[in-house]
Structures are given as structure tokens and as C-alpha cells.
Amino acid sequence: MTDTPILHVDMDAFYASVALRERPDLVDQPVVVGGSGRGVVLAANYVARRYGVRSALPMTRVRRLCPHVVVLPPDYDTFTSVSASVMETFREVTPIVQAVSLDEAFLDVRGSVRRLGAPVVIAEQLRSAIHDEQGITCSVGVAATVSVAKLASRRAKPDGVIVVPPSEVTTFLHPLDVGELYGVGEKTQALLQRFGLVTVGDVAHTPVRTLQRAVGHHLGSHLHDLAWGTDRGDLTPTAGPHEPERSMGADETFSRDTDDRDVIVRELLRLSARVAGRMRAAGVAGRTITLKVRFADFTTITRSRTMSEATDVTVEIHRAVTRLYDALGLQRARLRLVGVRVEGLVPRSTVHRQLVLGEPEHGWAEADRAVDLATRRFGSAAVRPASLVVERA
DNA sequence: TCTGGGGTCCTAGGACCC
DNA sequence: TCTGGGGTCCTAGGACCC
């Protein structure tokens with residue numbers, strides 16, 4: 001038996017560490033993985049962090065903070081395959097693995113201690129296995145609950161392990177900044193601060209009703225639980241066929257702001273095709289179609305429309321978002337970003353389409369299937385709508 | 001040449017139904 | 001004929017996470 005059965009394993013600077021396996025010559029240099037132009041940092045190695053470089057920082061600021069930083073482009077195929085191998089290593093320890101993202105997971109090792117040893121021993125075994133197999137380091141938090149394990153792994157970084165036994169939970173939690181709690185971002189932290197609540201201990205000693213008045217009913221009671229480390233925190237194993245997504249979407253920031261309707265409608269077509277293609281690959285269709293528009297000043301609005309029937313057809317999604325866009329009646333507003341999202345996803349097999357006699361929808365669905373087939377065979381650059389083909393002079 | 005892209009969940013008001 | 005209460009769906013926005 002153990003009183004700290006939950007492990008939170010978090011890769012250190014995951015994207016950067018994976019990218020550096022190919023470039024060992026750069027390990028002592030400041031390195032970030034990120035986009036170009038208007039992109040942000042996806043991951044920064046610990047050398048870059050000494051300059052104040054962090055995830056989500058705009059690249060323009062990164063270059064100011066650290067002019068000699070090396071920027072590597074993300075290689076998601078490699079990240080995905082390294083992640084899959086790491087998750088496989090976790091499942092050799094316990095079947096109860098809940099992946100949070102490519103680079104972190106919770107493990108319930110309750111059933112493994114007799115075979116493998118105490119949780120802290122398992123944590124060290126995992127760390128050396130991942131280091132040997134993948135050439136990257138990770139940190140592990142060990143605790144009785146999910147939320148405490150998560151905070152412990154952050155404290156353990158980089159390349160360490162921290163165990164927080166139940167008797168030490170409040171001593172560990174209460175001095176922390178409220179912003180460390182899962183679910184407390186910039187806004188909520190500022191809100192709590194106005195109530196004089198700065199540390200986790202402050203939140204713990206505030207009546208639930210008061211918290212709920214400050215931050216809303218749900219979050220208020222949630223924060224109170226987190227502040228005492230009493231969240232239930234049962235794991236939902238993500239092995240095998242995972243839960244279907246509730247929505248799928250794609251958005252894109254223009255390389256420069258635009259008010260050109262042709263450019264915008266063409267981008268909406270590209271995004272609609274991308275989303276619809278992923279939906280068909282996943283075998284889902286959806287009824288609610290949402291347009292997202294971000295203006296040059298970064299204000300963002302959404303407009304959605306729920307259809308009578310679910311679709312996975314590119315031209316139907318494109319037509320819906322184009323109507324929503326035109327209904328905005330924008331004149332010369334410059335847009336920074338547009339996005340397309342489809343919600344209310346259901347398995348494609350449950351959709352029975354009521355085709356209006358003579359409507360050519362059938363033809364569009366078949367055109368999509370032909371595109372999917374050609375894409376699988378020749379790659380995504382091979383097939384695209386005519387309006388997306390750039391003529392070569 | 002500040003501020004990505006993929007998501008999830010919550011809130012709140014109004015419509016509509018019983 | 002003077003006003004209720006619950007449930008669900010839709011829409012829009014916002015906060016948050018990695």
C-alpha cells in the first residue's frame with residue numbers, strides 16, 4: 001500500500017529537448033522551438049530561460065531579450081512519435097495512464113508497488129528509462145492527488161523528483177502563489193488579489209461562499225478543494241481508443257493584417273478544407289459551425305450557426321462561415337486572424353442526411369472523398385480547391 | 001515587428017416548451 | 001388576463017490549459 005499513488009510526469013522543455021537530439025552541437029546555446037514571423041515560443045531550453053525567454057513569448061521579444069538565440073522549427077511528427085514511445089514506457093509500469101498532452105501524463109501506480117517498489121522508486125526508474133531510450137529528461141511529482149502531484153512536478157524541474165506525503169500537503173501548498181493552482185490564470189489571479197487573496201493559504205482560509213461570489217460558483221468551490229489538496233482526482237486512463245473530440249477547428253494568423261474579402265474568403269476555404277478533412281479522417285460530423293475573427297487590435301469575436309443536420313463536407317462548412325463573415329458587414333476592418341470550428345461532433349455513421357431532391361450536396365461529399373484519397377496517395381499539396389492554386393507566372 | 005494554434009469548460013441571457 | 005418554474009437548446013464571450 002502507498003499513500004502517494006499518483007505520479008505526474010512532465011518532460012523538461014519537451015520540444016526543445018527533442019529538437020536538440022538532432023543538434024547536440026547546440027546544447028550549450030540558447031535554443032527555442034517556435035514559429036517564424038508573428039509566432040511565439042513553443043519551448044525554450046534552460047540556457048534560453050536564463051535570458052528570461054519563456055513559452056508563449058512572442059518571437060519579436062525573444063530576439064530582443066536574446067539576440068543570439070537559435071530558433072528551430074517544430075517537427076510535430078517527431079514530437080508525436082517520441083511522445084508515443086514515452087507513453088508506452090509509462091504503460092509498462094501501470095495501465096492507469098492519463099495523458100494530458102504530448103509531454104505530460106498522470107500515472108496511478110497503486111497496483112505496481114508490490115512488483116516495482118515505492119512510488120519514488122518507480123519515478124526514478126521511469127526517469128532513467130526515458131533518459132536512456134529517448135535522450136531527454138523529465139521531472140516527476142509524487143502525491144496522493146492529481147493536483148498536488150502536478151504542482152510537485154513543477155517544483156521538481158528540471159530533471160528531479162519531489163514527493164509530497166499527505167501529512168505535508170498543506171505545508172507544501174499554502175505558501176504557493178494562487179496563480180500556481182490549475183485553473184487560475186492571469187485574470188482570476190488579479191481578481192483574487194483584489195480580495196486580498198495572494199497565496200494558496202489565503203484561498204484555503206476563505207469561506208467557499210465568498211470565493212464563489214468572487215470568481216463564480218464552480219470555480220469557487222473548485223479552488224477551495226485545490227487549496228486543501230482534497231480534489232478527488234481519479235484518473236481517466238487514455239490508453240487505447242480515446243474519447244472522441246467535442247470540436248475540431250483551425251485558425252490562422254495572417255502574415256499581415258488584411259481587409260481584402262477575397263483573401264479572407266480564400267483563407268476560410270483553406271481552413272474549412274483542413275477541418276473537414278480531419279473530421280472525415282476521424283469519422284465525425286458536426287452541426288454547429290463557428291467563425292472566429294480577430295481584429296488588428298486583438299479583440300476577438302465569434303459567430304456561430306447550428307444547422308439542422310451534421311456535416312463533414314468542405315463546401316458546406318465554407319458556405320456557412322462565409323455567410324457568417326458577410327453578415328458581420330465589415331467594411332474596412334483589418335483582420336489579424338480568422339478561424340473555423342465545428343462543434344457538436346457525432347460519429348459520421350449516426351448521421352442520416354435528408355437530401356433535398358435535386359440538391360447537388362451528394363456530389364460535394366463525393367468530391368471530398370476523392371480529395372481524401374488523392375491526399376493520402378500524393379500528399380496534401382497535390383489536391384486543393386481551384387481558388388487556392390497559385391498561378392505561376 | 002508585441003501577443004500561435006489546438007482544444008475544454010463555464011456563464012449568462014433569451015427562446016421555447018411543458 | 002397579470003404572471004411560475006423547470007428544462008433544454010442556441011448564441012456569444014471569456015478564461016484557461018498545453
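Chain letters run A, B, ... following the sequence lines, proteins first, then strands; residues in each count from 1. The shown structure was predicted, so the numbers you read here are calculated from the model rather than taken from an experiment. We use all heavy atoms of the structure for the numbers below, so side chains are in, but hydrogens, waters and symmetry mates are not.
A cation-pi arrangement is not found for A:Arg50 relative to A:Tyr46, the charged atom failing to lie both closer than 6.0 Å to the ring centre and inside a 45° cone about the ring normal.
Inspection of the A:Thr89 and A:Glu133 side chains reveals an N or O donor paired with an N or O acceptor under 3.5 Å. In this model, a donor atom of one side chain and an acceptor atom of the other lie less than 3.5 Å apart for A:Ser147 and A:Asp231.
For the P atoms, the distance from B:dG5 to B:dT1 is 14 Å, rounded to whole Å. Comparing B:dC16 with C:dG4, their C1' atoms sit 15 Å apart, to the nearest whole Å.
Across all strands shown, A:Gly339 has no heavy atoms under 4.0 Å from either base or sugar-phosphate atoms. Within the 4.0 angstrom heavy-atom criterion, only backbone atoms of the sugar-phosphate kind lie near A:Ser255; the bases stay farther away. Within 4.0 Å (heavy atoms only), A:Met59 reaches no atom of the nucleic acid at all. Nucleic acid contact for A:Arg256: none, since no nucleic acid atom lies under 4.0 Å from a heavy atom of the residue.
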**OP:** Start with the C-alpha gap between A:Asp12 and A:Ser139, add the side-chain angles, then the distance that decides, and say whether side-chain hydrogen bond (donor to acceptor under 3.5 Å, both in side chains) holds.
**Re:** CA-CA 7 Å; A:Asp12 300 324; A:Ser139 301; 2.9 Å; yes
**OP:** Give the C-alpha distance, both sets of side-chain angles, the deciding distance and a yes or no for salt bridge (Lys or Arg N to Asp or Glu O under 4.0 Å) between A:Asp159 and A:Arg127.
**Re:** CA-CA 8 Å; A:Asp159 200 12; A:Arg127 279 165 30 77; 2.9 Å; yes
Subject >> Evaluation steps, side-chain contact (heavy atoms from CB on, under 4.5 Å), between A:Phe254 and A:Val338 >> reply: CA-CA 8 Å; A:Phe254 295 112; A:Val338 288; 3.9 Å; yes
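A:Ser247 has a side-chain polar atom (N or O) that falls below the 4.0 Å cut-off from OP1 or OP2 of B:dT8. At least one side-chain nitrogen or oxygen of A:Thr253 sits closer than 4.0 Å to the OP1 or OP2 atom of B:dG5. The shortest distance between the side-chain N/O atoms of A:Arg336 and the OP1/OP2 oxygens of B:dG4 is below 4.0 Å.
Here the P atom of nucleotide B:dG6 and the CE atom of A:Met248 are 12 Å apart, to the nearest Å. To the nearest angstrom, P of B:dT3 lies 12 Å from CG of A:Leu337. Whole-Å rounding puts the A:Arg63 CZ to B:dC2 C1' distance at 14 Å. The distance from atom CZ of A:Arg54 to atom C1' of B:dG4 is 19 Å, rounded to the nearest whole Å. Taking atom CG of residue A:Leu42 and atom C1' of nucleotide B:dG6, one finds them 11 Å apart after rounding to whole Å. One atom, CZ of A:Arg38, and another, C1' of B:dC2, lie 10 Å apart when rounded to the nearest Å. In this structure, CZ of A:Arg274 is placed 6 Å from P of B:dG6, rounded to the nearest angstrom. When rounded to the nearest whole Å, the span between NE2 of A:His217 and C1' of B:dC9 equals 16 Å.
Ring orientation note: the planes of A:Phe106 and A:His8 are tilted relative to one another, at an angle of 30° to 60°.
Along DNA chain B, the nucleotide nearest to A:Pro58 and the one nearest to A:Leu271 differ in position, and the one closer to the 5' end is contacted by A:Pro58. Looking at which nucleotide of DNA chain B each of A:Asp251 and A:His218 is closest to, the 5′-most match is held by A:Asp251.
Put simply, the side chain of A:Arg49 never gets that close to the backbone of A:Arg54: no donor and acceptor are under 3.5 Å apart.
Of the candidates B:dG5, B:dT3, B:dG4, the closest approach to any side-chain atom of A:Arg294 belongs to B:dG4.
Across every strand in view, B:dA15 sits in a pair with C:dT8 that passes the Watson-Crick or G-U test at under 3.5 angstrom.
Shown here, B:dT3 is classed anti by the O4'-C1'-N9-C4 or O4'-C1'-N1-C2 angle, which is more than 90° from 0. For B:dC2, the glycosidic angle deviates from 0 by 90° or less, giving a syn base.
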**OP:** Treat primed atoms plus P, OP1 and OP2 as sugar-phosphate and everything else as base, then score nucleotides 10-18 of chain C 5' to 3': B for base contact with protein heavy atoms under 4.0 Å, S for sugar-phosphate contact only, - for none.
**Re:** SSSS-SSSS
